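Only a predicted model underlies this, so the values are computations on that prediction, with no experimental measurement involved. Just so you know, residue 1 is the first one in the sequence shown, and it goes up from there.
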Amino acid sequence: MELKNVLLEKEENIAVVTINRPKALNALNSDTLKELEWVIADLEEDDSIYAVILTGAGGKAFVAGADITEMKDLNALQGRKFSILGNRVFRRLELLEKPVIAAIPGFALGGGCELAMACDIRIASEKAKFGQPETGLGITPGFGGTQRLARIVGMGRAKELIYTGSVIKADEAYRIGLVNKVTTVEELMNEAKAMASAIAKQAPIAVKLSKAAINRGMQVDIDTALSYEAEAFGECFSTEDQKEGMTAFVEKKSEKNFQNK
């Protein structure tokens, strides 16, 4: 696929994905969503990538929302199909075995906030703003906002933000647990890359299995979740990386040569 609205860069074991519609504040239209899905499919198949950074071009926005000019004249069936497309892409991102860090320079509103929430970790610049302002447009959040926001910040806070359409600053997003870290605009990508590098140094299979266990466990009762954890824990002992990591520890070696095997 020819990528026009999404950029994909790979350096060693880290991929950087950039939503690249700065004149539209990186708003998500159907073409952009389809390009993003193609990029996710590429990353699914690339065993050399251990961590992913997702950001937005231009400095003003991560993603300012779904493209209102495309949505404005949709009928009910078309609106449902657009929601299904966005949810399919975001869910595929959420299920990507590699951890995904959202590096958020500016606006993350509507579909942009929803995209950030589909990532594993969110790092925001001090100028970032977050919200689900859809009710002010006469619609509900349609790309997972009614579901993921409550799971991340709690039902009461999610209802308040969605019902009022409020937009909050980065420090408030950090206070309520919507973002993991707030940094300066200038240091945003450095912080994201440092975290991605720290992840990439760990045993990739162990990271992958940890992500799966957390994501699966959050949707079920604690006893079922603990069985998922035991399954993941046991599977690690069939890997060469477990032997490498534990042997290095016992032998007091600082260097570990994980092979994703």
Asks: Is there side-chain contact between Glu70 and Thr32, with at least one heavy-atom pair below 4.5 Å?
Replies: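 Result no, sub-4.5 Å side-chain heavy-atom pair not found.
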
Asks: Working to the nearest 0.5 Å, report the span between CD of Glu235 and CD of Gln242.
Replies: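 With rounding to 0.5 Å, CD (Glu235) is 12.5 Å from CD (Gln242).
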
Asks: What is the minimum heavy-atom distance between Ala124 and Val179, and which atoms define it?
Replies: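 Shortest heavy-atom separation between Ala124 and Val179 comes out as CB-CG1, 4.2 Å.
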
Asks: So if you build clusters from Ile, Leu, Val, Met, Phe, Trp, Tyr with side-chain heavy-atom gaps below 4.5 Å, do Leu95 and Ile53 land together?
Replies: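 Cluster IDs for Leu95 and Ile53 differ.
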
Asks: For Glu244, look at atom CD and say whether over 12 heavy atoms of other residues, nucleotides or ligands are found less than 6.0 Å away.
Replies: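 Correct, the count exceeds 12.
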
Asks: Are Ile121 and Val52 connected in the hydrophobic side-chain network, where two residues link if heavy atoms are under 4.5 Å apart?
Replies: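 No, because Ile121 and Val52 fall into different hydrophobic clusters, even though each may have its own neighbours under 4.5 Å.
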
Asks: Looking at Asn26, Asp31, Asp67, which hits side chain to side chain donor-acceptor pair (under 3.5 Å) with Arg21?
Replies: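 The passing option is Asp67.
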
Asks: Looking only at atom types and distance, does a side-chain atom of Glu114 sit under 3.5 Å from a main-chain N or O of Gly145, one as donor and one as acceptor?
Replies: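 Here the side-chain-to-backbone pair exists.
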
Asks: Any donor and acceptor pair, going by atom type alone, linking the side chain of Gln78 with main-chain N or O of Asn75 inside 3.5 Å?
Replies: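 Confirmed, Gln78 side chain pairs with Asn75 backbone.
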
Asks: Determine, step by step, whether Met117 and Arg151 satisfy the side-chain contact (heavy atoms from CB on, under 4.5 Å) criterion, reporting the C-alpha distance in whole Å, the side-chain angles of both residues, the deciding distance to 0.1 Å, and the verdict.
Replies: CA-CA 10 Å; Met117 290 190 293; Arg151 284 167 166 81; over 6 Å; no

Asks: Please find the pair of heavy atoms, one from Gln132 and one from Cys113, that lie closest to each other, and give the distance.
Replies: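 Residues Gln132 and Cys113, closest heavy atoms: OE1-CB, 3.2 Å.
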
Asks: Kindly say whether Ala198 contributes a backbone atom to a donor-acceptor pair with the side chain of Gln202 at under 3.5 angstrom?
Replies: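 At least one qualifying donor-acceptor pair exists.
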
Asks: Of all heavy-atom pairs between Ala116 and Ile104, which one has the smallest distance, and what is that distance?
Replies: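 That would be CB-CD1, 3.9 Å.
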
Asks: Write down the atom of Leu54, the atom of Cys119, and the distance for their closest heavy-atom approach.
Replies: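 In terms of heavy atoms, the two residues are closest at CD2-SG, 3.8 Å.
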
Asks: List the residues meeting side-chain hydrogen bond (donor to acceptor under 3.5 Å, both in side chains) with Lys34, not counting sequence neighbours, and say none if there are none.
Replies: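 Lys34: no side-chain hydrogen bond (donor to acceptor under 3.5 Å, both in side chains) contacts found.
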
Asks: Would you list the atom pairs, donor with acceptor, under 3.5 Å between side chains in residues 8-18 and any protein atom, with sequence neighbours excluded?
Replies:
unit_1: Lys10; atom_1: NZ; unit_2: Asp42; atom_2: OD1; d: 2.7
unit_1: Lys10; atom_1: NZ; unit_2: Asp46; atom_2: OD2; d: 2.7
unit_1: Asn13; atom_1: ND2; unit_2: Ser48; atom_2: O; d: 2.7

Asks: State which residues pass ring pair (Phe, Tyr, Trp, His ring centres under 6.0 Å) with Tyr174; sequence neighbours excluded, sorted by chain then number.
Replies: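 Ring pair (Phe, Tyr, Trp, His ring centres under 6.0 Å) list for Tyr174, sorted by chain: empty.
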
Asks: Under 3.5 Å, is there a donor-acceptor pair between the Gln259 and Asn257 side chains?
Replies: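 There is such a pair between these side chains.
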
Asks: Is Arg88 salt-bridged to Glu37, cutoff N-O under 4.0 Å?
Replies: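 Yes, this pair counts.
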
Asks: Considering residues at least two apart in sequence or located in another chain, which fulfil the side-chain hydrogen bond (donor to acceptor under 3.5 Å, both in side chains) criterion with Glu240?
Replies: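 In terms of side-chain hydrogen bond (donor to acceptor under 3.5 Å, both in side chains), with neighbours along the sequence ignored, Glu240 is linked to no residue.
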
Asks: Sequence neighbours left out, cut at 3.5 Å: what donor-acceptor pairs do the side chains of residues 153-160 make with other protein atoms?
Replies:
none

Asks: Does any N or O in the side chain of Asn5 come within less than 3.5 Å of the main-chain N or O of Ile19, such that one atom is a donor and the other an acceptor?
Replies: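 Answer holds: no.
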
Asks: Starting from Tyr50, walk the hydrophobic network (Ile, Leu, Val, Met, Phe, Trp, Tyr; side-chain heavy atoms closer than 4.5 Å) and list everyone else you reach, by chain and number.
Replies: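 Besides Tyr50, the cluster holds no residue at all.
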
Asks: Filter on ring pair (Phe, Tyr, Trp, His ring centres under 6.0 Å), then keep only pairs touching residues 222-261, sequence neighbours left out; what's left?
Replies: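 Every ring pair (Phe, Tyr, Trp, His ring centres under 6.0 Å) pair that includes a residue of residues 222-261, provided the two are not neighbours, is Phe233-Phe237.
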
Asks: Can you pull out every ring pair (Phe, Tyr, Trp, His ring centres under 6.0 Å) where at least one residue sits in residues 66-95? Sequence neighbours excluded, please.
Replies: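 Those involving residues 66-95 are Phe82-Phe143, Phe90-Phe143.
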
Asks: Should Leu109 and Leu115 be counted in the same cluster of Ile, Leu, Val, Met, Phe, Trp and Tyr side chains packed under 4.5 Å apart?
Replies: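 Cluster IDs for Leu109 and Leu115 differ.
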
Asks: Can any side-chain N or O of Asn260 pair as donor or acceptor with the backbone N or O of Asp47 at less than 3.5 Å?
Replies: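 Yes: the side chain of Asn260 pairs with the backbone of Asp47.
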
Asks: Show which side-chain atoms of residues 203-213 pair as donor or acceptor with protein atoms under 3.5 Å away, not counting sequence neighbours.
Replies:
unit_1: Ser210; atom_1: OG; unit_2: Ala206; atom_2: O; d: 2.8
unit_1: Lys211; atom_1: NZ; unit_2: Glu94; atom_2: O; d: 3.4
unit_1: Lys211; atom_1: NZ; unit_2: Leu96; atom_2: O; d: 2.5
unit_1: Lys211; atom_1: NZ; unit_2: Lys98; atom_2: O; d: 3.1
unit_1: Lys211; atom_1: NZ; unit_2: Asp120; atom_2: OD2; d: 2.9

Asks: Between Glu251 and Thr247, does the side-chain contact (heavy atoms from CB on, under 4.5 Å) criterion hold? Intermediate values first, please.
Replies: CA-CA 6 Å; Glu251 296 179 357; Thr247 298; 3.5 Å; yes

Asks: Go through the structure and list residues passing side-chain hydrogen bond (donor to acceptor under 3.5 Å, both in side chains) with Glu45, not counting sequence neighbours.
Replies: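 side-chain hydrogen bond (donor to acceptor under 3.5 Å, both in side chains) list for Glu45, sorted by chain: empty.
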
Asks: Begin from the C-alpha positions of Asp171 and Val182 and carry the test side-chain contact (heavy atoms from CB on, under 4.5 Å) through to its verdict.
Replies: CA-CA 7 Å; Asp171 57 349; Val182 178; 5.7 Å; no

Asks: Out of curiosity, does Leu33 fall in the hydrophobic cluster containing Leu74 (side-chain heavy atoms, cut-off under 4.5 Å, transitive links)?
Replies: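 Yes, because Leu74 and Leu33 connect within a single hydrophobic cluster, where side-chain heavy atoms sit under 4.5 Å apart.
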
Asks: So do the side chains of Ile168 and Ile176 get within less than 4.5 Å of each other, counting heavy atoms only?
Replies: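 Yes - at least one pair of side-chain heavy atoms lies under 4.5 Å apart.
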
Asks: How long is the straight-line distance from CD of Glu229 back to OG1 of Thr224, given to the nearest 0.5 Å?
Replies: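 Going from OG1 on Thr224 over to CD on Glu229, the span is 13.0 Å.
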
Asks: Which distance, rounded to the nearest 0.5 Å, do you find between the CE of Met189 and the OG of Ser125?
Replies: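 Between atom CE of Met189 and atom OG of Ser125 there are 12.0 Å.
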
Asks: Ring pair (Phe, Tyr, Trp, His ring centres under 6.0 Å) with Phe62: which residues, sequence neighbours excluded?
Replies: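 For Phe62 there are no ring pair (Phe, Tyr, Trp, His ring centres under 6.0 Å) partners, ignoring immediate neighbours.
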
Asks: Counting only N and O atoms by type, is there a donor-acceptor contact under 3.5 Å from the side chain of Glu35 to the main-chain atoms of Lys4?
Replies: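 Pair found, side chain donor or acceptor close to backbone of Lys4.
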
Asks: Before giving the answer on side-chain contact (heavy atoms from CB on, under 4.5 Å), spell out for Leu28 and Val89 the whole-Å C-alpha distance, their side-chain angles and the decisive distance to 0.1 Å.
Replies: CA-CA 11 Å; Leu28 299 171; Val89 176; over 6 Å; no

Asks: Can you name the closest pair of heavy atoms from Ala51 and Ala196 and give their distance?
Replies: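 Where Ala51 meets Ala196 most closely, the heavy atoms are CB-O, 3.8 Å.
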
Asks: Quick check against the 3.5 Å criterion: does Ser83 have a side-chain atom that pairs as donor or acceptor with the backbone of Gly79?
Replies: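 Such a contact is absent between Ser83 side chain and Gly79 backbone.
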
Asks: Glu172: which residues meet the salt bridge (charged side-chain N to carboxylate O under 4.0 Å, His left out) condition with it, sequence neighbours left out?
Replies: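 For Glu172 the salt bridge (charged side-chain N to carboxylate O under 4.0 Å, His left out) partners, ignoring immediate neighbours, are Arg175.
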
Asks: Rounded to the nearest 0.5 Å, what separates atom CG in Leu7 from atom CG in Asn20?
Replies: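 Going from the CG atom of Leu7 to the CG atom of Asn20 covers 4.0 Å.
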
Asks: From Ile162 CD1 over to Glu134 CD, what is the distance, rounded to the nearest 0.5 angstrom?
Replies: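 Between atom CD1 of Ile162 and atom CD of Glu134 there are 7.5 Å.
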
Asks: Check Pro105 against Gly59 and note the closest heavy-atom contact, atom names and distance.
Replies: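 Minimum heavy-atom separation between Pro105 and Gly59: CB-O, 3.8 Å.
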
